Amino acid sequence: MAEAADFPGTSPSPARRWLRRTAALLVGTPLLAGLLQAPAGTVAHATVPGAKAEAAQSRVKADATGSRTVDVSLDSLTPTAPGEGDTLTVSGTVTNNGKQTVTGAQVGLRIGSPLNSRSEIDNAAKRTGYQPGADGTEVGGKYVEKIARLAPGVRQDFSISVPVKALSLGVGGVYQLGVSLTGQSAAQPYPQVLGIERTFLPWQPDAADTKTKITYMWPLTTATHLTAKTGSDDQQTPVFKNDDLADELAPGGRLEQLLSLGSRLDVTWAIDPDLLNSVEAMTKSYRIDNADGTTRAGKQQAVANQWLNDLLTAVKDKKIIALPFADPDLASLAHTGKAVGGSLGHLKEATDAGYKAVTTILQVKPSTDFAWPADGAIDPSIVDVATSAGAHTVITRSDSLRETNDLQYTPTAARPIGGGTTAVVADARLSTAFQGDMTEAENSTLAVQEFLAQSLMVNLQDPDKERSIVIAPQRMPTASQAQTMGKALSSLAGGKWSQSQDLTAAAKAKPDPRATTRVPSAAAYPDALRKQELPRSAFENIQATQNSLDRFQVILTEKDRVVTPFGRAIDREMATSWRGHSAEGQAYRDSVWAYLKDLTRQVSLIKRSDAKLSGRSATLPVSVQNNLVQGVDHLVLRLSSRNPTRLKIGDGQFEEKQIKIAGGHSQSVKFTTTANANGPVPVYAQLYTEDGEPYGSAVKFDVNVTEVTLTVMLVIAGGLLLLVLAGFRMYTQRKRAARKRAQEGPDEGPDQGEGEGPDNGPEGESGGESGTDDPGHPSDPTPDTAPESTDPSDTGERVDR
C-alpha cells in the first residue's frame, strides 16, 4: 500500500513539529515519575479494526497497572468531522480494573499534533497506554469531568462538551484525540494518567480545492436459502431451506438495514441476483423444509413484498453492478474448479442468468462488466477466470495488488493489467475499516473516526492531485456493520475533502502512470483464503449433477420445469458464501444431487416376475411408469435375450420400442418372441435415451421356454381320433341293444318299416312315428344305460373310466 508523504503541503515543517513535541514533553515532565513505573511499549495491531478495542480491553484486564489501570471507553463522538463553529461532545465510560480505589480523578480531552501520513494513523491506532508528548496535552479548565472516587470494578459514565475553538486546532489535518483519566491511588498517591483511549479528529475547516473522488460499493448479498425443490403445481411453488431470509428482510434485519441505509447514500449497489430471485419467490406462495422431510407453508409474503418495493425505489436512477447469479467463488474456480471439465461453463451461465434476473425484477439494466473475487485477492489464474465470462474489470484490493514504486501517495484505483483488462484497486484500509464486532459502541465510534481520518489523509497526501479511490467492504455486512458504514459515509457527504462517483466512472478514470500494474503470482495468494476454497471434489459433485441433469432433461416434454430450478441450484453450489462453511456447502450439494436422482427414478421400469412360454411364439409385456407431473418422450425401451438361439426377441437378440407416456401414467409395451429350444432364458429390459445413453436401472427376469414338437402334436391328434372312434362305437352298440329289446317285448307293433334291419346303423334312424299309446319316440335311446360290465374288454377296445 502506498504511504502518504511525510510532509504534505499544508503540514508544519519538520522544525516546527520538533519544537511542538519538545514543548509537550516539557509540559508533561511532572508526571514522568509516576509514568515510568508503567510499561509503555506498543502492542501488535489487530488485523480487524473493529477488534482493536476488544483486544485493548483484554490487555488492560491482564495488566491493570499504571496507565492501564482504568479502562476508558469512547462510545460517542459528535460531530464526527467538526467545523469551526461546532461543539465537540465526547461520551463514554471509565472502569477501574485495578485493585485499589482511584480518588481525585478527572476525565479530560487531549489534542496531539497533526499526523503526517497514513502510517502514522496506523501506529497511533496500535498504541496502548499513555505516552508523554505523543498523546498531547489536556484541554483542561472547565472542559473536564471530575470523579471523586472510583472503586475497583466500578464503571462510571462521562460526557464532555467543548467548543472546537477551545481545542486550538491549527491547520487542516488529522489530529490525534485522546480521552484520559488522571487520578491517584493509595499505592501511587500522586496525580498520573491511569487510563487513556485515543481516536482521530479529522479537521478540514474549509473545503479542499481538489477533492478525492470516492466510490463506495454497497453489497446486497446473502447466504443460500432456496433449495432445488419445487412443487408439482403449475406455479412450481419454491421450497426454502428455512425462514431465515424473512428475518433478514424484516424491520431491523440485516438486509432491511442495508437497504434502508443505502437508499440515503450515494453508493454503487453490488447485488447478487440470487437474492432478488429468492425474495421474489417469497412474495408468492412458498414452502419451508422441515427436519423430517415434510414442508410447511411460508407466511412472510408481506415482508418480502415491502422489501422488494423499497429496493425498487432505492435503486431508481442508481448504478447497479449485477454479480453472476449466486455470486460464484472465482478463486475456487480458478484454483480447483477449472481442472474439472465443464466447470467454467457455469460462470457464463450464471452471468447471463444474473443479468436476466436483475433486468426482470428491478426493471433496470445492470452492468455485468465487473468481477469481484473474494476479499479482492487475485493472481493470474483468477484474472483469467474472472474475465472468461465477459467481464473486463476485476475488483481487487491494495493488499493484493501492492504498490512497488515507493509512491508517497495513494494512486487512482483504475489501472490496466494487460489483455484489455482493467483492475480497480480498492483501498485496503478503508475497505476493512468496518469488519469485526460493531455492536459495541466503542468499536463503532473508533472505526468511524479512523475511516474519516484515513480518507482525509488521502486528500492531504497531494492536495493538488485529483485521485479516484474505491472502497469494497466485506461482502455480507452485519446490521451493526452496515449502520457504522452508513454513519461514516454520511459524515463524508458534507464534501469538504471528497466527492462521490459510481464504480463505472472509477473504472474509466485515467490511470496513474506510476501505479503498479503487475498481477501478483499464485504463490502470493493468501493461505488463509486458499484454505476456505471449494475443494476439487465439490466441482466433481457439481459436474456429476450437471451430467445427470443433461440426461434427464432430454426425455421431458416441459424441460424448463426442471432445467431452470436445477440450473440455479448448481450456481448456488459454487457460491462465495460457502467460504468458512464447508460442511454446509457439501450438505447443500448432496441435497441437490439426491433430489435430482429421486426425480429421475420417477420414470422407471416396473419389475415383473418370471414368465413361462409355451409354443413357438408369444408376446411378452413390459411396463413403464411415469410418476412425474409432466410427460416424457424420446425414450426407447429395449428388451434383450441373453440366449437368442433359444429365445429370439423380435428378429434377433433384442427389439426396441419408442416410449411416450403422459404424466402420472404407465404404459405396457409388448414384444414378439420366438422359441427355438426348451429351457430358461435370462431377459433384460432397459430404457435408453434417443442418443443411446442408458436411463435408469435394467429389469431382469427369466423366460422358461417349453417348446411343442411335431411328435407331440401327432400323439395328441391320434389320441383325439381314438376318442372319436370309441364314442361312435358306443353309440351304435346302444342302438342295437335298444332295438333288440323292442323286438323281444310283448307289445311289439305290426307296422315295422320294410327293409329295415336291426343292423342298419344311424343312417336307418329316420325318426318314424311311434304308437299312440307310447308318448315317447322309438328312435330315442333308453333313458338309462345298463350297468357297466365288469368283464374283461375285447381285444383293441378302449375303455374310458
Side-chain angles (χ1 to χ4, degrees), residues 1-11 116-122 208-217 268 319 321 367 369-373 375-384 386-387 391-432 454-472 492 497-525:
M1 177 65 196
E3 295 301 334
D6 284 338
F7 311 108
T10 57
S11 300
N116 297 306
S117 70
R118 302 188 73 180
S119 294
E120 287 192 13
I121 296 176
D122 294 338
D209 293 335
T210 303
K211 298 179 181 180
T212 303
K213 294 182 178 180
I214 293 181
T215 299
Y216 203 98
M217 293 175 58
T268 295
K319 189 65 180 179
I321 303 302
S367 173
D369 196 42
F370 294 87
W372 188 16
D375 284 6
I378 62 171
D379 61 23
S381 63
I382 294 175
V383 173
D384 290 342
T387 57
H392 297 92
T393 307
V394 179
I395 301 169
T396 181
R397 214 164 65 185
S398 59
D399 53 354
S400 179
L401 192 65
R402 298 175 181 270
E403 296 304 324
T404 57
N405 295 327
D406 196 28
L407 295 181
Q408 298 300 305
Y409 58 86
T410 302
T412 288
R415 72 273 314 263
I417 55 175
T421 302
T422 298
V424 172
V425 184
D427 187 89
R429 287 185 176 96
L430 297 177
S431 296
T432 60
Q454 290 284 3
S455 66
L456 176 56
M457 188 59 73
V458 169
N459 189 265
L460 295 176
Q461 288 170 336
D462 194 341
D464 297 327
K465 187 179 183 67
E466 183 180 83
R467 280 158 293 156
S468 171
I469 64 174
V470 171
I471 303 170
L492 282 181
W497 64 82
S498 67
Q499 64 185 43
S500 61
Q501 70 173 353
D502 62 54
L503 188 59
T504 301
K508 295 178 180 178
K510 183 179 179 180
D512 191 312
R514 296 184 59 193
T516 185
T517 59
R518 182 180 178 182
V519 176
S521 67
Y525 191 81

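As the structure is a computational prediction, the values presented were derived from the model and not from experiment.
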Go through the steps for T393 and T421 under the test side-chain contact (heavy atoms from CB on, under 4.5 Å), then give the verdict.
CA-CA 6 Å; T393 307; T421 302; over 6 Å; no

Please walk me through it: do T268 and I321 pass side-chain contact (heavy atoms from CB on, under 4.5 Å)?
CA-CA 7 Å; T268 295; I321 303 302; 3.7 Å; yes

Test side-chain contact (heavy atoms from CB on, under 4.5 Å) on R402 and T516; report intermediate values, then the result.
CA-CA 7 Å; R402 298 175 181 270; T516 185; over 6 Å; no

Give the intermediate values and the outcome of side-chain contact (heavy atoms from CB on, under 4.5 Å) for residues M217 and I395.
CA-CA 11 Å; M217 293 175 58; I395 301 169; 3.7 Å; yes

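Ionic pairing of R467 and D462 is not present here: no N-O contact between side-chain nitrogen and carboxylate oxygen is shorter than 4.0 angstrom.
Of the inter-residue distances, the one linking M457 atom CE with T212 atom OG1 reads 12.0 Å to the nearest 0.5 angstrom. To the nearest 0.5 Å, the span separating CD on Q461 from CG on N116 amounts to 11.5 Å. Here CG of D209 is found 7.5 Å from CG of D464. Values are rounded to the nearest 0.5 Å. Atom-to-atom distance recorded for S398:OG and R429:CZ is 7.5 Å, nearest 0.5 angstrom. Rounding to the nearest 0.5 angstrom, the gap separating the CG atom in D384 from the CD1 atom in I378 is 11.0 Å. For the atom pair CG (D375) and OG1 (T432), the distance works out to 9.5 Å, reported to the nearest 0.5 Å.
Annotation for I471 and L430: closest pair CG2-O, 3.7 Å, computed over non-hydrogen atoms. In plain terms, the two heavy atoms of Y525 and A377 that are nearest each other are CE1-CB, 3.5 Å. The shortest heavy-atom contact between P380 and A522 is CD-N, 4.2 Å. When all heavy atoms of A509 and A414 are compared, the pair lying nearest together is O-CB, 4.0 Å. Taking all atoms of both residues into account, the shortest heavy-atom contact from S431 to R397 is CB-CD, 4.1 Å. Taking both residues in full, the closest heavy atoms of S381 and D379 are given as OG-OD1, 2.8 Å, listed atom of the first, atom of the second, then distance.
Counting heavy atoms from C-beta outward, L401 and P520 have side chains that approach closer than 4.5 Å. Residues S455 and L492 have side chains in contact (heavy-atom distance under 4.5 Å, counting atoms from C-beta outward). Contact annotation: the side chain of K465 never approaches that of T210 to less than 4.5 Å [non-hydrogen atoms, C-beta and beyond].
Side-chain atoms of D512 do not come within 3.5 Å of backbone N or O of T410 as any donor-acceptor pair.
Under 3.5 Å, the side chains of Q454 and D427 contain no donor-acceptor pair of N or O atoms. K319 and T504 are linked by a side-chain donor-acceptor pair at a separation below 3.5 angstrom, with hydrogens and angles left out of the test.
Applying the salt bridge (Lys or Arg N to Asp or Glu O under 4.0 Å) rule to K213 yields the partners E466; only residues at least two apart in sequence or on another chain are considered. Residues satisfying the salt bridge (Lys or Arg N to Asp or Glu O under 4.0 Å) criterion with R415, sequence neighbours excluded, are E403.
In summary, of the residues considered (T396, L503, I214), a side chain to side chain contact (heavy atoms under 4.5 Å, CB included) with V470 occurs for L503 alone.
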